[in-house]
Amino acid sequence: MKKSCNLFVQDVVKELKQILGSNYTVFCQEIQKNNNVTFQAVMISDNIHNASPCYNMENYYRLYEKPGEIKFVAKDIVKIYRQSAALDLPVEWIRDRNEMLSRVLLRIVSTDRNVDLLENVPHHDLPELNLSMLFYLFWKSNNSPATMLICNRHMGMWETSEPELLEHAWKNTPLAIGHTITSMSEVVNGYIELPATEGFPEMFPPMYVITNEQNLYGAVYILYPDVLKDVAQKLDSDFYVLPSSVHETIAVPAENLDINHASSLKAMVREVNQSELTPEEVLSDNVYYYCRKKHTLSLAV
């Protein structure tokens, strides 16, 4: 009989302690993510490296069928740990206030969906959009992007404030991870191999994907006026913004569309969020409207 997830995690922790020995600390911790999604994680630390890798146990639990497989799960975690343990956090600048302020970036989440998370992290709310700006650190680890969400406990260590974080993050984000505005046709062509003479036909109406060079938390660029003006110029129109995930948004020209179309777009966004995305990837069920004349972004419906 398959054990509960909690018992499974406890048994994996025991097995890891036996394999690794007394020089290692193994413990279970609940990790909170976007949209109040939580998961059980096993963490391993030692006396040498400053990083404590985190392993999502729900992924292992889905594959687990019988008690004897716990040894295989533990051995797999140990193998991965020993391959990655040397990839330390850049602790020398994480503890440095000025260095941190030079690296802090912005991301956005739904305010309503993240009530619990927002209690534990510095943030700036945008009530007119039902969005909140969070702050995170970004660096490259072994040529792969790595991030760390800034929490309330960090604020005292850095002797900083939310307004100061916002000031630096607003400037740093476009410099560290520049935005990209790509037509939907180009995006599709990048996924579908077609003869050079054929390419995927242009969309009608044209649509643009707004994200960044890493495709990481790129939805934040709908807050940057210069980006929105650039999109409006490309479309030669006011436009609707469809939040396809926390990583990207889609701009659809508003020309020849009315409030009824906006309602249909909102229903489409909600359907995609429910059927195509993992819960933590969802940004919002709302649709936004950008007015060229007023240079404003607002809720469409």
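This structure is a prediction, so every number in the text was calculated from the model and none was measured.
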Distance from [X] atom [atom1] to [Y] atom [atom2], nearest 0.5 Å?
| X | Y | atom1 | atom2 | value |
| --- | --- | --- | --- | --- |
| Gln10 | Cys28 | CD | SG | 8.0 Å |
| Tyr60 | Met57 | OH | CE | 7.0 Å |
| Phe138 | Arg103 | CZ | CZ | 10.0 Å |
| Tyr64 | Cys5 | OH | SG | 10.5 Å |
| Glu128 | Ser298 | CD | OG | 9.5 Å |
| Ile210 | Thr249 | CD1 | OG1 | 4.0 Å |

Tell me whether [Y] is reachable from [X] by hopping between hydrophobic residues (I, L, V, M, F, W, Y) whose side-chain heavy atoms are closer than 4.5 Å.
| X | Y | answer |
| --- | --- | --- |
| Tyr288 | Leu126 | yes |
| Leu216 | Trp139 | yes |
| Leu277 | Tyr217 | no |
| Ile31 | Val42 | no |
| Leu223 | Val246 | yes |

Any side-chain heavy atom of [X] within less than 4.5 Å of one from [Y]?
| X | Y | answer |
| --- | --- | --- |
| Leu106 | Phe135 | yes |
| Lys75 | Lys79 | no |
| Ile44 | Ile77 | yes |
| Met148 | His154 | yes |
| Phe8 | Val73 | yes |
| Gln40 | Glu30 | yes |
| Glu248 | Tyr221 | no |
| Pro253 | Tyr240 | no |

Using a 3.5 Å distance criterion without hydrogens, assess whether the side chain of [X] forms a donor-acceptor pair with backbone atoms of [Y].
| X | Y | answer |
| --- | --- | --- |
| Asn114 | Asn35 | yes |
| Thr38 | Gln32 | no |
| Tyr289 | Phe239 | no |
| Asn34 | Val282 | yes |
| Glu281 | Thr278 | yes |
| Asn212 | Gln214 | yes |
| Thr111 | Leu131 | yes |

Would you mind checking if Lys294 and Asp238 are paired as a salt bridge, meaning a charged N to carboxylate O distance below 4.0 Å? no

Members sharing Phe72's hydrophobic cluster (side chains within less than 4.5 Å): none

Is Leu134 isolated, or which residues cluster with it under the ILVMFWY side-chain rule of less than 4.5 Å, directly or via members? Val109, Leu117, Leu118, Val121, Leu149

Taking only residues two or more places apart in sequence, or in another chain, which ones meet Met43 in a side chain to side chain contact (heavy atoms under 4.5 Å, CB included)?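 Testing Met43 for side chain to side chain contact (heavy atoms under 4.5 Å, CB included), a comparison that skips the adjacent residues, returns Phe27, Gln29, Ser52, Cys54.
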
Identify the heavy atoms of [X] and [Y] that sit nearest to each other, and give their distance.
| X | Y | value |
| --- | --- | --- |
| Asn36 | Val115 | ND2-N, 4.0 Å |
| Leu235 | Ala251 | CD1-CB, 4.2 Å |
| Ala176 | Leu105 | CB-CD2, 3.7 Å |
| Tyr290 | Ala232 | CE2-CB, 3.8 Å |
| Pro122 | Cys151 | CD-C, 3.6 Å |
| Leu16 | Ala74 | CD2-O, 3.5 Å |

Could you go through the side-chain contact (heavy atoms from CB on, under 4.5 Å) check for Lys71 and Glu15 one step at a time? CA-CA 7 Å; Lys71 291 183 181 293; Glu15 188 67 27; 3.5 Å; yes

Could you check Arg82 against Leu20 for side-chain contact (heavy atoms from CB on, under 4.5 Å), going step by step and ending with a plain yes or no? CA-CA 11 Å; Arg82 286 175 172 158; Leu20 293 170; 3.9 Å; yes

Pick out which of Asn130, Leu283, Asp285 makes a side chain to side chain contact (heavy atoms under 4.5 Å, CB included) with Arg113. Asp285

Tell me, which pairs form a side chain to side chain donor-acceptor pair (under 3.5 Å) where one or both residues lie in residues 228-237, sequence neighbours left out?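 Listed once each, the pairs are Asp236-Arg292.
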
Under the side chain to side chain donor-acceptor pair (under 3.5 Å) rule, what pairs show up with a residue in residues 164-178, not counting sequence neighbours?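 For residues 164-178, and leaving out neighbouring residues, the side chain to side chain donor-acceptor pair (under 3.5 Å) pairs sorted by first residue read Arg97-Glu164, Thr160-Glu164.
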
Could you walk me through whether Ile250 and Val241 pass the side-chain contact (heavy atoms from CB on, under 4.5 Å) check? CA-CA 6 Å; Ile250 299 174; Val241 174; over 6 Å; no

Evaluate the criterion side-chain contact (heavy atoms from CB on, under 4.5 Å) for residue pair Ile150 and Leu137; output intermediate values, then yes/no. CA-CA 7 Å; Ile150 294 178; Leu137 299 178; 4.1 Å; yes

After noting the C-alpha distance and the side-chain angles of Asn286 and Ser284, does the key distance pass the side chain to side chain donor-acceptor pair (under 3.5 Å) rule? CA-CA 5 Å; Asn286 291 314; Ser284 172; 3.2 Å; yes

Considering residues at least two apart in sequence or located in another chain, which fulfil the side chain to side chain donor-acceptor pair (under 3.5 Å) criterion with Tyr136?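 Result, side chain to side chain donor-acceptor pair (under 3.5 Å) vs Tyr136: none returned.
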
Check the angle between the aromatic planes of Tyr55 and Tyr81 and answer parallel, tilted or perpendicular using the 30° and 60° thresholds. perpendicular

